[in-house]
Novice: 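Below you'll find the structure I mean.
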Amino acid sequence: MWQAVRSRFDSCKNKISDEPIEDDVRSASSKKIRNEEQNLRGPWYLEGGFLLFWALLFAAVVLPLFYSIPRGLTIEDANKGVFIAERAQNNLYKLGEIGTKVVGSDNNENKTVDYLLGLVSQIQENCLDDYFDVEVDLQVVSGAYIHWTMVNKYQGVQNIVIKLSPKNTTSTTYLLVNSHFDSKPTSPSVGDAGQMVVAILEVFQVMCTTKQNIRHPVIFLLNGAEENPLQASHGFITQHKWAPYCKVVLNLDAAGNGGKDIVFQTGPNSPWLVETYKSSAKHYLATTMAEEIFQTGILPSDTDFGIFVTYGNLIGLDTAKFINGFAYHTKYDQFSNIPRGSIQNTGDNLLGLVRSIANSTELDNTAAYETGHAIFFDVLGLYFINYTESNGVILNYAVAGVALVLIFLSIWRTASISDVSLGYVLCWFILILVLQIIAFVLGIGLPIVVAYVFDKYGLSLTYFSTPALLIGLYICPSLLGLSLPSYIYLKLQKNNKVAFAQQLQLVLHGHATVLALLDIGLTVYGLRSAYVPTWTLIFYAIPLAINLLTTLHDRGFSWTGVLKIFQVVPFLYNSYLIYCFIVTLIPMMGRFGRATNPDLIISALCALGTVLALGFVIPLINMFRRPSMILFALLAISAVTMYTASSTQIGFPYRPRTNVQRLPYLHVRRIFYEYDGTVVKDDSGYLFNFQDRRGAAPLKLSTLNMTGLVSIATDCTTVMMCGYPLYDHRWVKNRLQIMWLPREEQIVPPSEPKLELLAKTEVGNNTVRLDFRANTTDHASVFIQPYEDVSIVNWTLPLSYIGQQTASHLYFSYGKDNSPLTFSVDFYKLDDDFEVPLGQFGLSIHWIGNEGDAISQTFASKIPSFAARVDWPAFYQRYIF
């Protein structure tokens, strides 16, 4: 046997040595083929124009459509039964003139309520009594519920509730339309959410002054305590007489100023609402992807929608403004930021939705139409696509499967026209697929690496005021990562049996295979956002099918023509989608906290958009003769941008008025009392809750004296709630990142409320009851932490909260009712000895709207103009009872 093998080897060896001329001919033929393929490739000077085309397409189509808003209608159009933005805008101006509207303030509880009730009264006088009945109720409500890590207790907050009913209706199912008029400290709340309040009132006016029939009553709720957080909506849905009849809610909120409204939460389990949005809204902007991102809880926002769903079992749509979120919750949330067309956009959509849902048969019995989640998205605001989640699963698997089959047929066809075996081409394709997986990883990973390195050197948020830097920081590195593996392969490969154009097509097949596998994985995981790779694949599979059905597949680069035409659609949609998220999230990164590197999120988002929008486009640079020039250009753009972002003022994140650093801090006086009443600590200082990654660094570069600034994290391990007047649940969550700047001069608070122990009563079963009272301001907190051998077994607060936290947090605020805070706590102790300390109690008092003493005002005056301060005096007392 070995002799036979040896004879065969010698035979082949002799055959090769006898045919040197044939080898030379074959080599010459290969060179000729390579030269012919080189001639088929486009001239190098066109490759820049090729990429520029896509950039211009984005600028000429995506940006105008994204920012387009309708013309604001004027009072001259009032007789047409349409939404009149001018009338709403006039109301908004007067609402903004009231100023900040913090719960408990005169502006919120009296001036704003009186102004809005006056508008409601004027509208009511003009309502068509033959068609509608109108009832108005001013609800003053108190209650408590668990919100995040605290008990959220409210007292005397207000709701303006308007009921518009069709004449002689017997319907017991209502539509609820909600927004809020209160504000965060320092904010005039024109955007968040004054523009929504006036839109609701204008819809109410149009509805009740137009001769039309509706089947169901509509409740218009203007709530006065959303920022507190979410108190008034809880009071309405749990206690108001009309709340049990509300079945669907349209919630309107804002995280920005002006522009379009995005639908970012639907249902739950009510696709008919999405279908109603499609048929009745005039200006589309909605996506399942936004809903899934919001519901992860990673964003620093919350809305009343969750309260209505959780406590009222309602379904509905949650919409919000989001453009120019830089002014959100700052003193720059002003009337001048709200264009009339933006109000018209809100009103057109809201009026259409209210009319449709108020006349819908689904509202009779919403439970009968609970058929699962919906997948939905708008296409550049021009068209709206929606289908059920179950249909989406089928579509995802079908598209991925068809794409893979078409890729296999293309490989088979390539083998056929190349006169090689199918296995030969498959082997090369497997290598290409591996390279495309690497390209996908690099396309996502390189921007993230840039983000990590910049953050490591304290240079996060360089794009905050100059979003154009994103191009060089993240998009160009992503394009480099996507294109480099295929460029190297096509440059170095020695495969002369398969034409260059076909090998380039195999590269795109590799990318399509990666997307198909990703699509399948996301679908298996249960993410409805898998629709994005699905529709991206559809517009690759269609041109591939066309090319296979014609001779274009086999004729050099001819197949690229059909592909490029079809790639316009996924490019426009994916760039539009990701741009929407970038516009939304960049301002949010300014309030994302110090603990997380926001650049990782933005870089990953830019990378994802680049991969989805240009994943099938960027490999086509290899159609031209010098693709390396594009790679060098991308590298040069990245290098110049990184230098600009890191070494010039262009990369400094903040700008006065337009892109400010949020700077919440408290002027704190702390007193710690022992069990016998003696004082063991009495100090003063400023407590900073920095909102973004850069923290105190920008302030230290200014003239503001920040000497002595320290983290309170070490105190948090030894003292209850770190021993500071943490304002609310967000401050508590962020406590390890909060910083303390001691002050030598003692802060004298405006008053000194005390936590009074009214009674201490043994109630049996090794239990003692402590009754407390505190004459607090309109915003206060009580912290309670029993000692190790003591436990809380009962109290006059939500019982389900007991035991959830090591230190219990009672957040308290009031509106019209300023009566003292009272509560009782039952402590259990195994040895029944209650003559010893049972635990620590902290009373945190806040004077929102107070500018503090003269020294505090001097300190505030030195804060640089790029920072928007939100500050007030606070008093913290630690007791042991």
Novice: Should Lys80 and Leu73 count as side-chain neighbours, where that means a heavy-atom distance under 4.5 Å?
Specialist: no
Novice: I'd like to know if the side chain of Gln195 and the backbone of Gly191 have a donor-acceptor N/O pair within less than 3.5 Å.
Specialist: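 Present.
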Novice: Does the side chain of Leu250 come within less than 4.5 Å of Thr319's, by heavy atoms?
Specialist: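 No. Closest side-chain heavy atoms not under 4.5 Å.
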Novice: Does a donor on one side chain and an acceptor on the other come within less than 3.5 Å for Asp318 and Thr303?
Specialist: yes
Novice: Side-chain donor-acceptor pair under 3.5 Å between Asp261 and Thr346, yes or no?
Specialist: yes
Novice: Heavy-atom count check: over 12 atoms from other residues, nucleotides or ligands less than 6.0 Å from Lys754 NZ?
Specialist: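 Buried by this count: over 12 neighbours within 6.0 Å.
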Novice: Can you give me the closest heavy-atom contact between Phe181 and Gly224, atom names plus distance?
Specialist: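 Here Phe181 and Gly224 meet closest at CZ-CA, 3.3 Å.
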Novice: When you look at CD of Glu851, are more than 12 heavy atoms from neighbouring residues, nucleotides or ligands closer to it than 6.0 Å?
Specialist: no
Novice: Kindly give the heavy-atom pair with the smallest separation between Phe83 and Ala88, and that separation in Å.
Specialist: CZ-CB, 4.1 Å
Novice: Taking side chain to side chain contact (heavy atoms under 4.5 Å, CB included) as the test, write out the residues that go with Pro339, two or more places apart.
Specialist: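 Pro339: side chain to side chain contact (heavy atoms under 4.5 Å, CB included) contacts with Ile69, Ser342.
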Novice: Donor-acceptor pair, Glu86 side chain versus Arg340 backbone, under 3.5 Å?
Specialist: no
Novice: With distance as the sole test, does Tyr154 use its side chain to make a donor-acceptor pair with the main-chain N or O of Gly235 at under 3.5 Å?
Specialist: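 At least one qualifying donor-acceptor pair exists.
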Novice: Does any part of the side chain of Ser171, heavy atoms only, come nearer than 4.5 Å to the side chain of Pro217, both counted from C-beta?
Specialist: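 With C-beta onward as the side chain, the pair touches.
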Novice: Could you check whether any side-chain heavy atom of Leu757 comes within less than 4.5 Å of a side-chain heavy atom of Phe772, counting everything from C-beta outward?
Specialist: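 In short, these two side chains touch, coming nearer than 4.5 Å.
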Novice: Once side-chain hydrogen bond (donor to acceptor under 3.5 Å, both in side chains) is applied, do any residues pair with Ser844, and if so which ones, sequence neighbours excluded?
Specialist: His846
Novice: To the nearest 0.5 Å, tell me how far Phe326 CZ sits from Arg662 CZ.
Specialist: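 Interatomic distance, Phe326 CZ to Arg662 CZ, rounded to 0.5 Å: 9.5 Å.
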Novice: Residues two or more places apart in sequence or in another chain: which of them pass side-chain hydrogen bond (donor to acceptor under 3.5 Å, both in side chains) with His329?
Specialist: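 Scan of His329 (side-chain hydrogen bond (donor to acceptor under 3.5 Å, both in side chains), adjacent residues dropped) gives Asp192, Glu227.
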Novice: Quick one: are Met196 and Lys321 in side-chain contact, heavy atoms under 4.5 Å?
Specialist: yes
Novice: Looking only at atom types and distance, does a side-chain atom of Glu202 sit under 3.5 Å from a main-chain N or O of Arg87, one as donor and one as acceptor?
Specialist: no
Novice: Do you know the tightest heavy-atom contact between Val151 and Pro798?
Specialist: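 Residues Val151 and Pro798, closest heavy atoms: CG1-CD, 3.7 Å.
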Novice: State the CG-CD1 distance between Leu351 and Ile200, to the nearest 0.5 angstrom.
Specialist: 12.5 Å
Novice: Hey, does Tyr811 have a side-chain heavy atom less than 4.5 Å from the side chain of His779?
Specialist: yes
Novice: What verdict does the side-chain contact (heavy atoms from CB on, under 4.5 Å) test give for Val102 and Asp778, after you've listed the backbone C-alpha separation in whole Å, the side-chain angles of each residue and the deciding distance to 0.1 Å?
Specialist: CA-CA 9 Å; Val102 178; Asp778 47 39; 5.5 Å; no
Novice: In this structure, are over 12 heavy atoms from other groups packed under 6.0 Å from Phe335 atom CZ?
Specialist: yes
Novice: State, to 0.1 Å, how close Pro268 and Ile315 come at their nearest heavy-atom pair, and which atoms those are.
Specialist: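 Minimum heavy-atom separation between Pro268 and Ile315: O-CG2, 3.7 Å.
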Novice: Applying disulfide (SG to SG under 2.5 Å), which residue pairs with at least one partner in residues 96-215 are found, sequence neighbours left out?
Specialist: Cys127-Cys208
Novice: Can you confirm whether Asp137 sits close enough to His240 that some side-chain heavy atom of one is under 4.5 Å from a side-chain heavy atom of the other?
Specialist: yes
Novice: Mind checking the CD1-CG spacing from Ile307 to Leu314? Nearest 0.5 Å is all I need.
Specialist: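 Going from the CD1 atom of Ile307 to the CG atom of Leu314 covers 12.0 Å.
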Novice: With sequence neighbours left out, which residue pairs that include part of residues 290-362 fulfil the disulfide (SG to SG under 2.5 Å) condition?
Specialist: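 Not a single pair qualifies under disulfide (SG to SG under 2.5 Å).
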Novice: Do any pairs count as a side-chain hydrogen bond (donor to acceptor under 3.5 Å, both in side chains) and have a residue in residues 157-169, sequence neighbours left out, and if so which ones?
Specialist: Glu109-Gln158, Asp133-Lys167, Gln139-Asn159, Lys163-Tyr174
Novice: Give, for atom CG of Asp77 and atom CD of Gln344, the distance between the pair rounded to the nearest 0.5 Å.
Specialist: 8.5 Å
Novice: Once ring-ring contact (aromatic ring centres under 6.0 Å, His included) is applied, do any residues pair with His373, and if so which ones, sequence neighbours excluded?
Specialist: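 Result, ring-ring contact (aromatic ring centres under 6.0 Å, His included) vs His373: none returned.
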Novice: Working to the nearest 0.5 Å, report the span between NE2 of His147 and CG of Asn152.
Specialist: 6.5 Å
Novice: How far apart are the C-alpha atoms of Lys101 and Asp182, what are their side-chain angles, what is the distance that settles it, and do they pass the salt bridge (Lys or Arg N to Asp or Glu O under 4.0 Å) test?
Specialist: CA-CA 5 Å; Lys101 306 168 188 69; Asp182 66 311; over 6 Å; no
Novice: Under the ring-ring contact (aromatic ring centres under 6.0 Å, His included) rule, collect the residues that match up with Phe376, sequence neighbours excluded.
Specialist: none
Novice: Please, which pairs that meet disulfide (SG to SG under 2.5 Å) have at least one residue in residues 129-188, sequence neighbours excluded?
Specialist: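 Counting only pairs at least two positions apart or across chains, no disulfide (SG to SG under 2.5 Å) contact touches residues 129-188.
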Novice: Got a second to check how far Tyr876's OH is from Leu666's CG, nearest 0.5 Å?
Specialist: 13.0 Å
Novice: Walk me through it: do Ile848 and Thr100 pass the test side-chain contact (heavy atoms from CB on, under 4.5 Å)?
Specialist: CA-CA 11 Å; Ile848 297 176; Thr100 59; over 6 Å; no
Novice: Any chance you could lay out the side chain to side chain donor-acceptor pair (under 3.5 Å) test for Lys816 and Asn110, step after step, and finish with the verdict?
Specialist: CA-CA 9 Å; Lys816 293 289 287 186; Asn110 298 311; 2.7 Å; yes
Novice: Taking the side chain as everything from C-beta on, heavy atoms only, tell me whether Ile162 gets closer than 4.5 Å to Val134.
Specialist: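 When only atoms from C-beta onward are counted, Val134 and Ile162 do touch, with a gap below 4.5 Å.
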Novice: If you draw a 6.0 Å radius around OH in Tyr245, do more than 12 non-hydrogen atoms from other residues or ligands fall strictly inside?
Specialist: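 No, the 6.0 Å shell around OH holds no more than 12 heavy atoms from other groups.
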Novice: Between Gln155 (side chain) and Ser819 (backbone), is there a donor-acceptor pair under 3.5 Å?
Specialist: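 Between the backbone of Ser819 and the side chain of Gln155 there is a qualifying donor-acceptor contact (under 3.5 Å).
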Novice: Do other residues, nucleotides or ligands put more than 12 heavy atoms under 6.0 Å from Asn313 CG?
Specialist: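 It does not: Asn313 CG has 12 such atoms or fewer within range.
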Novice: Sort and list the pairs that fulfil side-chain hydrogen bond (donor to acceptor under 3.5 Å, both in side chains) and have at least one residue in residues 269-279, not counting sequence neighbours.
Specialist: Glu275-Asn386
Novice: How close do Pro188 and Gln334 get, counting heavy atoms only, and between which atoms?
Specialist: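 For Pro188 and Gln334, the tightest heavy-atom pair comes out as CG-CG, 4.4 Å.
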Novice: Side chains of Ser105 and Asn107 only: does a donor on one sit below 3.5 Å from an acceptor on the other?
Specialist: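 Note: Ser105 and Asn107 side chains miss the donor-acceptor criterion.
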Novice: Could you list the residues that satisfy ring-ring contact (aromatic ring centres under 6.0 Å, His included) with Tyr131, not counting sequence neighbours?
Specialist: none
Novice: Between Thr149 and Tyr801, which heavy-atom pair has the shortest distance, and what is it?
Specialist: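 Looks like O-OH, 2.7 Å.
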Novice: Sequence neighbours excluded, which residues qualify as ring-ring contact (aromatic ring centres under 6.0 Å, His included) partners of Phe204?
Specialist: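 Phe204: ring-ring contact (aromatic ring centres under 6.0 Å, His included) contacts with Phe220.
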Novice: Picking from Tyr145, Phe305, Phe236, what satisfies ring pair (Phe, Tyr, Trp, His ring centres under 6.0 Å) with Tyr311?
Specialist: Tyr145
Novice: Measure up the His809 and Phe783 rings against each other and bin them: parallel (under 30°), tilted (30 to 60°), perpendicular (over 60°).
Specialist: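 Ring orientation of His809 relative to Phe783: tilted.
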